[in-house]
Enquirer: 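Structure incoming, see below.
In the text below, chain A, chain B and the rest are named by the order of the sequence lines, each starting its count at 1.
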2 protein chains.
Amino acid sequence: MAAEGKEAPSRLAAETWESLFRAQVAVMRKLQAGKAFKNVAINEYDVLFTLSRCPSGWLRLNELNDHVLLSQSSLSRLVERLEKRGLVVRQPAPDDGRGVLLKLTEEGAALQKEIGREHVRDISSLVVPALTAAEQKELQRLTDKLRNSVGAKPLK
Amino acid sequence: MAAEGKEAPSRLAAETWESLFRAQVAVMRKLQAGKAFKNVAINEYDVLFTLSRCPSGWLRLNELNDHVLLSQSSLSRLVERLEKRGLVVRQPAPDDGRGVLLKLTEEGAALQKEIGREHVRDISSLVVPALTAAEQKELQRLTDKLRNSVGAKPLK
DNA sequence: CAGATGTTCATGCATTTGCATGTATCGAGG
DNA sequence: CCTCGATACATGCAAATGCATGAACATCTG
């Protein structure tokens with residue numbers, strides 16, 4: 001073998017990321033077209049979904065921000081819109097005067113569940129025919145590992 | 001085993017997608033922060049990159065659109081901006097009076113290479129410590145399989 | 001405790017995005 | 001050839017986004 005040095009590893013890494021990214025684009029494109037996101041943008045749903053997963057029900061705005069691909073100011077305004085629509089409520093954080101806590105309203109929780117069911121159907125229709133159960137588990141393991149290594153913070 | 005019916009498969013699929021999506025968000029967040037994207041947005045770079053990979057050099061706007069997560073009108077304007085900056089050139093498609101062909105200029109190709117080098121470094125620094133070479137290959141295989149199944153069109 | 005520095009969230013403003021629509025061209029029938 | 005529906009791209013306009021900044025609070029340091 002020739003003097004490949006350290007070219008190969010970074011090439012493999014770049015190709016791996018490229019594949020992951022393109023798969024995400026391809027799937028996301030289909031999901032966005034689904035009727036689940038006719039009235040609620042995908043970023044908005046993502047916030048509702050994340051809140052629905054939160055054990056305590058309340059989540060800090062900055063923790064939410066780590067989870068979502070939006071700038072801080074965009075998230076601030078997205079949440080403002082959700083509040084105006086009556087889907088979430090804000091509350092000043094008790095232990096930190098700067099912070100803001102968020103929670104789903106009843107209506108927000110109901111809407112999340114409704115869209116969620118549709119969304120899961122859409123996802124299944126894309127993923128199930130593509131990969132066996134074992135492959136899905138392996139893909140999940142690898143992407144979780146990547147995310148943890150890159151430095152994702154767990155939700156509280 | 002109880003009456004799990006067809007809940008389990010769709011649950012696994014949804015969790016798999018969730019993991020893939022979150023990993024993408026986590027990595028993308030880091031990449032966007034890199035200095036590679038100080039002057040060129042990531043979507044803009046993606047267009048330059050895709051053009052650089054195109055064997056013939058010329059690519060139809062609608063083919064490009066399948067590859068990128070942008071609406072048709074947004075892509076139209078993104079390309080307009082790239083043209084104004086002298087990074088790409090447009091040409092009416094010879095075989096289809098409606099179509100538009102795109103090509104990198106010398107300057108565009110040079111900029112893509114420059115940013116690309118930085119970008120590959122950033123990717124490596126995130127992916128290499130996270131996954132072994134074998135894991136990266138497997139992740140690439142699985143995401144390619146998913147993308148192909150979902151219906152990605154190959155570039156010409 | 002006072003001051004300096006950092007963190008959290010909101011807001012003004014310019015840019016980017018998407019939806020709806022318009023224009024031009026293509027392709028299939030009659 | 002002509003009409004009809006479909007496709008490719010551009011554009012008006014409202015909405016969403018990001019950057020820079022500001023205000024309020026937290027934390028650290030001496």
Side-chain angles (χ1 to χ4, degrees), chain A residues 25 28-48 51 58-85 87-103 153 156, chain B residues 25 28-48 51 58-85 87-103 153 156:
Chain A
V25 168
M28 186 61 85
R29 195 168 258 298
K30 298 280 185 178
L31 291 178
Q32 280 181 333
K35 66 182 169 193
F37 300 104
K38 203 62 187 174
N39 300 310
V40 176
I42 197 138
N43 278 335
E44 293 170 340
Y45 173 74
D46 200 6
V47 167
L48 299 181
L51 287 173
W58 294 95
L59 194 61
R60 278 290 293 272
L61 217 45
N62 67 357
E63 297 188 85
L64 190 54
N65 211 152
D66 293 331
H67 210 240
V68 166
L69 199 56
L70 277 175
S71 70
Q72 181 270 320
S73 59
S74 297
L75 179 61
S76 178
R77 283 180 165 122
L78 189 154
V79 166
E80 187 182 39
R81 293 195 299 270
L82 293 180
E83 189 179 36
K84 263 178 200 150
R85 287 170 67 174
L87 302 175
V88 303
V89 283
R90 292 159 123 133
Q91 192 184 53
D95 58 328
D96 187 335
R98 301 163 298 181
V100 171
L101 289 174
L102 264 189
K103 189 173 81 104
K153 296 148 193 167
K156 289 216 196 88
Chain B
V25 168
M28 187 59 86
R29 195 167 258 299
K30 298 279 185 178
L31 291 177
Q32 280 181 333
K35 64 183 171 195
F37 300 104
K38 203 63 184 172
N39 299 311
V40 177
I42 197 137
N43 278 336
E44 292 171 342
Y45 172 74
D46 198 5
V47 167
L48 298 182
L51 286 173
W58 293 95
L59 193 61
R60 278 289 293 270
L61 216 44
N62 65 355
E63 297 189 85
L64 190 54
N65 211 153
D66 294 330
H67 209 240
V68 166
L69 198 55
L70 275 175
S71 69
Q72 181 269 321
S73 59
S74 298
L75 179 61
S76 177
R77 282 179 165 119
L78 189 154
V79 166
E80 187 181 42
R81 293 195 299 272
L82 293 179
E83 189 178 35
K84 263 177 198 149
R85 288 169 69 175
L87 302 175
V88 303
V89 283
R90 291 184 212 226
Q91 193 184 51
D95 58 330
D96 186 337
R98 301 163 300 178
V100 172
L101 289 174
L102 266 188
K103 190 174 79 105
K153 297 146 192 170
K156 291 219 193 87

Enquirer: Tell me whether the OP1 or OP2 atom of D/dA16 has a side-chain N or O from A/S74 closer than 4.0 Å.
Expert: no
Enquirer: Counting C-beta onward and ignoring hydrogens, is there a side-chain heavy-atom pair between B/H67 and A/V25 closer than 4.5 Å?
Expert: no
Enquirer: So, is A/S73 near the phosphate of D/dG18, with a side-chain N or O under 4.0 Å from OP1 or OP2?
Expert: no
Enquirer: Applying the side chain to side chain contact (heavy atoms under 4.5 Å, CB included) test to B/L78, which of B/D46, B/L64, B/N43 qualifies?
Expert: B/N43
Enquirer: On a heavy-atom basis, which atom in B/F37 and which in B/L31 lie closest, and how many Å separate them?
Expert: CD1-O, 3.3 Å
Enquirer: Base, sugar-phosphate, or nothing: which does A/R77 touch, judged by heavy atoms less than 4.0 Å apart?
Expert: base
Enquirer: For D/dT27, take OP1 and OP2 only and decide whether either is under 4.0 Å from a side-chain N or O of A/R98.
Expert: no
Enquirer: What integer distance in Å separates A/E80:CD from D/dA16:C1'?
Expert: 12 Å
Enquirer: With DNA chain C as reference, determine whether A/K38 or A/R60 sits nearer its 5' end, using the nearest nucleotide of each.
Expert: A/R60
Enquirer: To the nearest Å, how far apart are B/L59 CG and D/dC9 C1'?
Expert: 15 Å
Enquirer: Figure out the CE/P separation between B/M28 and D/dG18, and round it to whole Å.
Expert: 12 Å
Enquirer: Identify the two heavy atoms, one from A/E63 and one from A/L59, that lie closest to each other, and give their separation to 0.1 Å.
Expert: OE2-CD1, 4.0 Å
Enquirer: Nearest whole Å is fine: how far is D/dT11 P from B/Q72 CD?
Expert: 11 Å
Enquirer: Grab the two heavy atoms, one from A/R85 and one from A/E44, that are nearest each other, plus how far apart they are.
Expert: NH1-OE1, 3.6 Å
Enquirer: Between the side chain of A/N65 and the main-chain N/O of A/L75, is any donor-acceptor distance below 3.5 Å?
Expert: no
Enquirer: If only side-chain N and O atoms of A/N43 are considered, is one of them under 4.0 Å from the OP1 or OP2 phosphate oxygen of D/dT17?
Expert: yes
Enquirer: When you list every nucleotide of DNA chain C with an atom under 4.0 Å from a heavy atom of chain A, which one comes first 5' to 3', and which comes last?
Expert: C/dG6 to C/dC13
Enquirer: Taking for each residue the nucleotide of DNA chain D bearing the nearest heavy atom, is the 5' side occupied by A/D96 or by A/E44?
Expert: A/E44
Enquirer: For the helix from C/dC1-D/dG30 to C/dG30-D/dC1, how many degrees between its two end axes (five pairs per end), to the nearest 10°?
Expert: 30°
Enquirer: To the nearest 0.5 Å, how far apart are NZ in B/K103 and CD in B/Q91?
Expert: 9.0 Å
Enquirer: For the side chain of B/Q32 and the backbone of B/R29, is there at least one donor-acceptor N/O pair under 3.5 Å apart?
Expert: no
Enquirer: Might you point out which heavy atoms bring B/R60 and B/G99 nearest each other, and give the distance in Å?
Expert: NH2-CA, 3.3 Å
Enquirer: Indicate, with a heavy-atom threshold strictly under 4.0 Å, whether B/L70 touches base, sugar-phosphate, or nothing.
Expert: sugar-phosphate
Enquirer: Over how many whole Å does the gap from B/N65 atom CG to D/dC9 atom P extend?
Expert: 8 Å
Enquirer: B/L102 has an atom CG; how far is it from atom C1' of D/dC9, in whole Å?
Expert: 12 Å
Enquirer: Taking OP1 and OP2 of D/dT17, is either one under 4.0 Å from a side-chain nitrogen or oxygen of A/R81?
Expert: yes
Enquirer: Would you say the side chains of A/S73 and A/S76 form a donor-acceptor pair under 3.5 Å?
Expert: no
Enquirer: Round to the nearest Å and state the distance from B/L82 atom CG to D/dA10 atom P.
Expert: 13 Å
